[in-house]
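Order of listing sets the numbers, starting from 1, for every ligand and every atom in it. Along the sequence shown, the residues carry numbers beginning at 1. If you're wondering where the values come from, they're calculated on a predicted model, not measured in any experiment.
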Amino acid sequence: MVIVMATRNKEDIDHVVKKVEELGYRAHLIEGVERTVVAAVGDEREKYRLQSLESLPYVEQVFPILKSFKLAGREARVDDTVIEVGNVGIGGGNFTVMAGPCSVESREQIHEVARCVKDAGAQILRGGAYKPRTSPYSFQGMEEEGLQLLKEAGEATGMPVVTEVMTPEQAPIVARYADILQIGARNMQNFGLLKAVGKIDKPVFLKRGLMGTINELLMSAEYVMAEGNPNVILCERGIRTFETETRNTLDLSAVPVIKKLSHLPIFIDPSHGTGHWDYVTPMAKAAVVSGADGLMVEVHPRPEEAFSDGAQSLKPSKFVRMMQEIEPLVSLCGKSLTANAAAVAK
Ligand code: PEP
Ligand code: MN
């Protein structure tokens, strides 16, 4: 159920939260620009008693949530969620580019890529340290050393870092180094992992599964949010279809659909979405125009030597050109590549 407050008075809101909790629900406070909403999450048996809260003068309305995503849905929050990571804003009027290699491979490699993507205008550095590889014989990532190098390169260039966490046991160590925790496509429905990152106070970058529907993606976001972590960034990275010319089929229509259903930021990953470097820039441009809030792009100084995903990685010079080509489109869409969190959220 959703309880729309008619006031911003803290005492009145606290009173409603207390009532909701007394009825056995978990209360999530959602403070939007226009109004404050209390989402009551729990089983629906006491819903008629929740409905009675409408008699309070400072409650505007109590209504059931029609869709099953109580926290991720637009009904819970009208305005877009804006997430602040360091001085970077994600969502709202920001267009945010996360870029870096598929895998952290060495100190030299990650520092070289970090400098290049920063100079080209990326705001967040990516790099995998724990890699979900199809074959157990493929490079599995540098693990903790990779996390250390990624953090070091992020600090050297003034960028927050995002990296994948594959198991609940890894969550604490990844959270020690990363600013944003990535849940990979293969783990979109690893519910134990979603619950684990839901308990950590860091934003979660949640990728759509290879066979995941939009509804299932939002349900997975719901798992994270129901544990108390409201900062979820969604990412469309291509789904599996009968097409074999591209690695996956990038479902750009997911962007307007998710914009309608949810207030959470939605990113596009054109690298995994296509699997070929020469399709990355066209799809990045299309992503901007579709209304996406940002991109995740793989960049490698020497793609032919990459330990993973070289074929879909942009060389630095190509990444620079991609950034130049998307910039006018970002402006056209009324967004900014450089806006920082403080400027947009306040
Ligand atoms: C990645 O970002 O390197 C990755 C493995 O992505 P995905 O989970 O989308 O395949
Ligand atoms: Mn990759």
Side-chain angles (χ1 to χ4, degrees), residues 96-105 109-110 113 117 122 124-136 138-143 146-147 149-150 160-167 170 174 178-190 193-194 197 203-214 216-217 220-221 224 232-241 246-252 254 266-277 279-280 283-284 287 292 294-315 319:
T96 312
V97 178
M98 303 176 173
C102 180
S103 303
V104 177
E105 298 169 2
Q109 175 243 22
I110 191 65
V113 181
V117 300
I124 293 175
L125 179 64
R126 69 146 282 149
Y130 295 95
K131 295 303 301 177
R133 305 305 300 280
T134 299
S135 164
S138 302
F139 175 61
Q140 300 287 306
M142 290 181 77
E143 304 184 336
L147 295 174
L149 295 175
L150 180 70
V161 298
V162 54
T163 193
E164 179 161 352
V165 47
M166 292 206 306
T167 65
Q170 276 168 11
V174 175
D179 300 291
I180 303 175
L181 308 172
Q182 176 170 327
I183 302 295
R186 291 155 193 81
N187 273 319
M188 185 194 86
Q189 287 191 313
N190 181 338
L193 180 59
L194 297 174
V197 295
V204 172
F205 189 79
L206 176 63
K207 291 187 127 188
R208 180 177 179 183
L210 280 74
M211 308 288 269
T213 65
I214 291 172
E216 286 163 345
L217 173 65
S220 294
V224 177
V232 179
I233 305 152
L234 305 168
C235 179
E236 159 63 36
R237 47 75 74 205
I239 49 176
R240 188 163 282 182
T241 67
T246 45
R247 179 177 177 183
N248 292 293
T249 297
L250 187 62
D251 178 13
L252 280 182
I266 165 78
F267 276 48
I268 290 290
D269 172 349
S271 307
H272 294 88
T274 63
H276 298 273
W277 69 267
Y279 304 147
V280 169
M283 296 318 285
L295 296 170
M296 172 173 268
V297 179
E298 288 186 339
V299 178
H300 196 288
R302 287 162 296 280
E304 66 282 6
E305 291 171 16
F307 293 1
S308 58
D309 287 351
Q312 66 193 34
S313 299
L314 292 182
K315 286 184 183 157
F319 180 71

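- At distances below 3.5 Å, at least one donor-acceptor pair connects side-chain atoms of R126 with backbone N or O atoms of P101.
- Side-chain contact of H272 with E298: a donor-acceptor pair under 3.5 Å is present, judged by distance alone.
- Remark: T134 pairs with no residue by the side-chain contact (heavy atoms from CB on, under 4.5 Å) rule, at least two apart or across chains.
- Side-chain contact between P303 and W277 is absent, with no heavy atoms from C-beta onward closer than 4.5 Å.
- If you look at the Mn ion (ligand 2), the protein N, O or S atoms less than 2.8 Å from it are C102 SG, H272 NE2, E298 OE2, D309 OD2.
- With values rounded to the nearest 0.5 angstrom, K315 atom NZ is found 6.0 Å from E304 atom CD.
- We find the CG-CE distance between L250 and M283 to be 4.5 Å, quoted to the nearest 0.5 Å.
- Contact residues of ligand 1 (protein heavy atom closer than 4.0 angstrom to a ligand atom; sorted by chain and number): C102, R126, K131, P132, E164, Q182, G184, A185, R186, K207, R237, H272, E298.
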Q) Yes or no on side-chain contact (heavy atoms from CB on, under 4.5 Å) for L147 and Y130, after CA distance, side-chain angles and deciding distance? A) CA-CA 9 Å; L147 295 174; Y130 295 95; 3.8 Å; yes
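- Taking 4.0 Å as the cut-off between side-chain N and carboxylate O, R247 and D309 count as a salt-bridged pair.
- Contacts of Q189 classified as side chain to side chain donor-acceptor pair (under 3.5 Å), with partners at least two apart in sequence or in another chain: none.
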